[in-house]
Amino acid sequence: MTITKEDLRRRILRKRIYQDPAEKERKDEIIRSRLFSLPEFTRAKSVLLYYPVKGEPDLRPLFTEVLKNGTLLLPKVRGGELALVKVKDPNRLRAGAFGIPEPEEGEEADPEEVELAVVPGVVFDRMCFRIGFGKGFYDRLLTRIRAPKVGVAYSFQVVQEVPRDPWDVPLDSVLTEEELIRRL
Ligand code: ADP
Ligand code: MG
């Protein structure tokens, strides 16, 4: 009996959605401050972040931090791909293809220009493999990003091993409120 991506995805997503709000807020603060002091973050000028949905760690306070002396990139669904839009005003986002708030059309960055990619996900493992919502958007994007890729999650989203498909792109590290996992 092997556990499928779909089983894991459902189980962990449910747990994340029903997480106690006060507990979530406490962990979010820890995750943000750990990410903020990560050398990869300090070094990067051009940072890809994400808008939190379905209980994802809320990194929105870091939008402003990145904007202070760098370029904030947020993904925008375009066909089957994620375009990376340079965001000037994070208060001006609109629901896009999957109801996820996205920037309006604007100047875009090539994936090659990204200096740090912060990646959300539903399940991660200790080799830094990742399960997303099941549409492969980040797998397609990450093949083109050479910069460090850091997954962000709550510790209950990290399991020993997730099923791998040939197209899955592992991250360089996974950051939770409890630890920083670096791919060996
Ligand atoms: P997720 O990573 O979102 O959990 P999967 O890894 O299951 O989802 O991938 C979902 C689908 O995306 C797969 O069926 C696969 O065909 C497609 N896909 C992923 N990466 C690529 C790629 N590099 N090129 C083309 N299709 C891809
Ligand atoms: Mg995948």
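Numbering of ligands and ligand atoms starts at 1, following listing order. What you see is a predicted model, and the numbers here were worked out from it, not measured in a lab.
An N or O contact shorter than 3.5 Å is missing between D165 and ligand 1 by distance. In terms of N/O distances under 3.5 Å, ligand 1 is approached by G134. Residue-to-ligand polar distances keep T143 apart from ligand 1: every N/O pair is separated by 3.5 Å or more. The shortest N or O to N or O distance between I131 and ligand 1 is not under 3.5 Å.
Every atom of ligand 1 with a heavy atom of G136 under 4.0 Å away is listed here by number and element: 1 (P), 3 (O), 8 (O), 9 (O), 10 (C), 12 (O).
A salt bridge is absent between K45 and E115: the closest approach of a Lys/Arg side-chain nitrogen to an acidic carboxylate oxygen does not fall below 4.0 angstrom. Under the 4.0 Å criterion applied to side-chain N and carboxylate O atoms, E104 and R92 are assigned as salt-bridge partners. A salt bridge does not link R126 to E161: none of the charged nitrogens lies less than 4.0 Å from a carboxylate oxygen.
Looking only at protein heavy atoms, the nearest one to atom 2 (O) of ligand 1 is D139 OD2, 2.9 Å. Of the protein's heavy atoms, R140 CG, 3.5 Å lies nearest to atom 22 (C) of ligand 1. For atom 9 (O) of ligand 1, the closest non-hydrogen atom on the protein side is W167 NE1, 3.1 Å. With hydrogens left out, the protein atom closest to atom 7 (O) of ligand 1 is K5 NZ, 3.4 Å, a heavy atom.
Taking a 4.0 Å cut-off on heavy atoms, D168 registers as neighbouring ligand 1.
Nearest heavy-atom pair, I12 versus V122, reported as atom, atom and distance to 0.1 Å: CG2-O, 3.3 Å.
Looking only at N/O/S atoms, D168 comes nearest to the Mg ion (ligand 2) through OD1. When you scan the N, O or S atoms of D139 for the one nearest the Mg ion (ligand 2), you land on OD2.
Residue E113 holds its CD atom at 11.0 Å from CD1 of I145, rounded to the nearest 0.5 Å.
In F133, the part holding a heavy atom less than 4.0 Å from any atom of ligand 1 is the backbone.
Under the 3.5 Å distance criterion, the side-chain polar atoms of R32 are matched with a main-chain donor or acceptor of D58. Although no hydrogens or angles enter the test, the distance criterion places no donor-acceptor pair under 3.5 Å between the side chain of Q160 and the main chain of D125.
Between the choices K135, R164, E6, the shortest heavy-atom distance to atom 12 (O) of ligand 1 belongs to K135.
No option in K24, E177, K27 other than K24 meets the side-chain hydrogen bond (donor to acceptor under 3.5 Å, both in side chains) test with Y154.
The distance between the ring centers of F137 and F98 falls below 6.0 angstrom.
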